[in-house]
Novice: 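Can you keep this structure in mind? I'll have questions shortly.
The figures here come from the full heavy-atom set of this structure, side chains too, leaving out hydrogens, waters and symmetry mates.
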Amino acid sequence: MSKPTLDRIHLLFEHRYQLDPNKEFLFTPTRNYTFSEINTLVNQLEKELLDQKVIPGDRILIIAENCPEHIALILACSRVGAWSCGVNARMSGGEISTYLKMADPRLIYFTTGVSAAAKEHANQYQIQASVLDALSLSLSNTPGLPAEPNLIDQIAAIIFTSGTTGASKGVLVSHLGLTHFGRVSAESRDLGPNDKSYAYLPMTHIFGLGTVLMASLYAGASLILRTQFDPADAYEALANGGLTTLQGPSAMYTRLLDYWENLSKGKEKPSHPNLRYVYMGASALDYSIKLRVEQFFGFPLNHGYGLSEYAGAVSVTKNHVWRKDTSSGYLVEGGEVIIVDSDGNDLPKGERGELWIRGIGLMPGYFRDPEETQKVMRPNGWLATGDIAYFDEDGALFVVGRLKEMIIRSGFNVYPAEVETILNSYPGVLQSAVVGKKEADGNETIIAFVQLNSDHSLDQDALRKFMKDNLAPYKLPAQIIEKDKFPLTFSGKIIKRELLESVS
């Protein structure tokens with residue numbers, strides 16, 4: 001008997017629903033939902049979209065925080081051929097307006113039943129009741145122009161980039177890329193129907209949509225679904241909720257471990273009896289944080305490299321394998337990677353250059369933005385990521401920084417990640433960020449920002465001595481600035497642009 005073709009994101013869900021309709025799929029703070037109950041929500045929303053004259057290629061803007069209705073809406077959009085365009089409800093009104101213009105949607109939905117932020121945004125629009133009580137609906141006042149005909153059947157969603165270094169863009173994410181990544185992500189974690197994942201990462205971001213939701217649908221796993229991260233809630237899910245896999249950015253792990261270490265002072269270490277897999281993504285892997293996580297949980301911290309423009313990860317570390325480095329692992333099925341010099345020529349293993357990717361998950365471009373698309377696309381279907389990387393002799397990928405973030409100091413290249421690794425290894429430093437500030441002569445001043453653990457204070461002289469012992473002179477920051485907290489995207493990335501602006 002041949003396997004069913006699961007090449008649309010709603011087909012992943014329908015396959016699992018047909019196999020086991022009464023299996024509990026979503027665990028929320030108020031109630032649990034079976035696949036059958038979610039299917040009922042999808043059916044209702046599918047009818048509502050059709051009643052609203054939604055056709056394939058129409059964009060549906062969703063101002064959301066995680067909830068069952070948001071997941072059902074993503075799947076209903078897939079059924080009718082519309083493109084879901086998720087925006088985190090905690091963004092500002094100005095940002096929402098920008099995404100509205102970019103998406104040019106037919107309809108706007110708000111997850112008002114679970115999100116005060118979504119409700120506040122909805123108050124700025126002419127809203128009407130949705131068929132589901134947890135949602136509100138508004139007819140868009142944008143033209144809602146048709147999508148490009150050759151893309152209508154390909155695209156599942158538009159993911160808006162975080163804009164940490166510049167203006168946000170709308171990434172066209174394909175059904176093929178998401179369903180493929182759902183499979184390879186699930187297989188890399190040995191994910192199955194008995195697994196439960198902690199799903200606080202926004203489904204409006206590729207990490208939440210691909211790594212968490214699509215992988216779980218492919219495997220038939222369950223999700224402990226949350227609107228935002230709360231370390232106390234995560235602790236409870238690990239200790240008593242049957243949580244088996246945990247994924248998130250470094251900021252999640254630092255908050256989690258700080259909470260638990262403070263909670264368990266003088267007590268037995270908090271338990272996680274069912275946990276078997278931890279993964280850090282969405283940001284560079286810092287070695288000191290990696291060690292801290294591994295020491296706490298007692299097994300390897302997995303890592304991978306991915307981006308919105310590729311619908312998920314292009315490389316991932318091997319499960320259950322301990323590594324004493326910060327590698328992003330090995331290429332996954334369907335993806336290709338080369339490392340090139342400034343002229344686009346291949347570099348041998350061990351040499352650093354720009355990382356180019358292509359493969360099944362690659363976007364066809366940014367929505368209605370051919371100029372930005374042209375900036376990143378290269379001949380023969382390659383995408384220039386802007387990341388600096390190299391392969392070791394074993395074929396493992398190492399990502400060491402961003403071309404845009406690389407600092408030129410005294411004629412030398414300084415990669416912020418190298419400096420941040422040293423800063424983060426200093427006792428009491430919770431996290432750090434390093435930026436370069438342009439000087440009049442074309443040189444750059446290195447500025448470091450640090451956030452300390454609550455029970456530490458900054459000793460500038462001691463920290464500078466530590467850095468001098470561990471870094472070349474041209475890599476040493478001219479300034480070290482303490483911050484109570486860092487500006488973060490909703491996926492946990494530090495917004496370095498805002499840090500740099502604070503000292504301009």
Novice: Once salt bridge (Lys or Arg N to Asp or Glu O under 4.0 Å) is applied, what residue pairs with a partner in residues 243-258 remain, sequence neighbours excluded?
Specialist: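 Listed once each, the pairs are D258-R292.
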Novice: Which residues satisfy the side chain to side chain contact (heavy atoms under 4.5 Å, CB included) test with A156, sequence neighbours excluded?
Specialist: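 Partners of A156 under the side chain to side chain contact (heavy atoms under 4.5 Å, CB included) test: I9, H175, L178.
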Novice: Which residues pass the ring pair (Phe, Tyr, Trp, His ring centres under 6.0 Å) test with Y426, not counting sequence neighbours?
Specialist: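 Ring pair (Phe, Tyr, Trp, His ring centres under 6.0 Å) list for Y426, sorted by chain: F466.
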Novice: Hey, are the side chains of V337 and F391 touching, using non-hydrogen atoms and a 4.5 Å cut-off?
Specialist: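 They are in contact (side-chain heavy atoms under 4.5 Å apart), so the answer is yes.
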Novice: Identify, with sequence neighbours excluded, every residue that meets side chain to side chain donor-acceptor pair (under 3.5 Å) alongside N380.
Specialist: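 Testing N380 for side chain to side chain donor-acceptor pair (under 3.5 Å), a comparison that skips the adjacent residues, returns none.
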Novice: Check side chain to side chain contact (heavy atoms under 4.5 Å, CB included) between N274 and all other residues, then give those that pass, not counting sequence neighbours.
Specialist: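 N274: side chain to side chain contact (heavy atoms under 4.5 Å, CB included) contacts with T244.
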Novice: Mind checking ring pair (Phe, Tyr, Trp, His ring centres under 6.0 Å) for F110 and listing every partner two or more places apart, or none if nothing turns up?
Specialist: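 With neighbours one apart ignored, the set is Y125.
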Novice: What verdict does the side-chain contact (heavy atoms from CB on, under 4.5 Å) test give for V429 and Q451, after you've listed the backbone C-alpha separation in whole Å, the side-chain angles of each residue and the deciding distance to 0.1 Å?
Specialist: CA-CA 6 Å; V429 173; Q451 181 183 356; over 6 Å; no
Novice: Sorted by first residue and then second, give each salt bridge (Lys or Arg N to Asp or Glu O under 4.0 Å) pair with at least one member in residues 333-342; sequence neighbours left out.
Specialist: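 Pairs touching residues 333-342 that pass the test: R183-E333, E336-R358.
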Novice: Quick one: ring pair (Phe, Tyr, Trp, His ring centres under 6.0 Å) partners of F486, sequence neighbours excluded?
Specialist: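 By the ring pair (Phe, Tyr, Trp, His ring centres under 6.0 Å) rule, F486 matches no residue at all.
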Novice: Side chains of Q295 and L257: does their closest heavy-atom pair fall under 4.5 Å?
Specialist: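 No, side chains not in contact.
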Novice: What residues, two or more places apart in sequence or in another chain, satisfy side chain to side chain contact (heavy atoms under 4.5 Å, CB included) together with Q460?
Specialist: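 With neighbours one apart ignored, the set is L458, R464, I480.
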Novice: Name every donor-acceptor pair, under 3.5 Å, that has one atom in a side chain of residues 284-291 and the other anywhere in the protein, sequence neighbours excluded.
Specialist:
| from | atom 1 | to | atom 2 | distance (Å) |
| --- | --- | --- | --- | --- |
| D286 | OD1 | N424 | ND2 | 2.8 |
| D286 | OD2 | S288 | N | 3.0 |
| D286 | OD2 | S288 | OG | 2.4 |
| D286 | OD2 | I289 | N | 3.3 |
| S288 | OG | N424 | O | 3.1 |
| K290 | NZ | E294 | OE2 | 3.0 |
| K290 | NZ | R323 | O | 3.2 |

Novice: Got a sec: does the CD of E351 have more than 12 other heavy atoms crowding it under 6.0 Å?
Specialist: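 Yes, enclosed.
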Novice: With under 30° as parallel and over 60° as perpendicular, where do the rings of W382 and W356 fit, or are they tilted in between?
Specialist: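 Correct class here is tilted.
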Novice: Can you name the side chain to side chain contact (heavy atoms under 4.5 Å, CB included) partners of E120, sequence neighbours left out?
Specialist: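 If we apply the side chain to side chain contact (heavy atoms under 4.5 Å, CB included) test to E120, skipping adjacent residues, there are no hits.
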Novice: Apply side-chain contact (heavy atoms from CB on, under 4.5 Å) to L397 and Y305, showing your working.
Specialist: CA-CA 8 Å; L397 179 67; Y305 171 78; 4.2 Å; yes
Novice: Sort and list the pairs that fulfil salt bridge (Lys or Arg N to Asp or Glu O under 4.0 Å) and have at least one residue in residues 369-383, not counting sequence neighbours.
Specialist: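 Residue pairs with at least one partner in residues 369-383: E372-K375.
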Novice: Measure the shortest side-chain to side-chain distance between V450 and Q431 over non-hydrogen atoms and say whether it is less than 4.5 angstrom.
Specialist: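 Sidechains of Q431 and V450: no contact.
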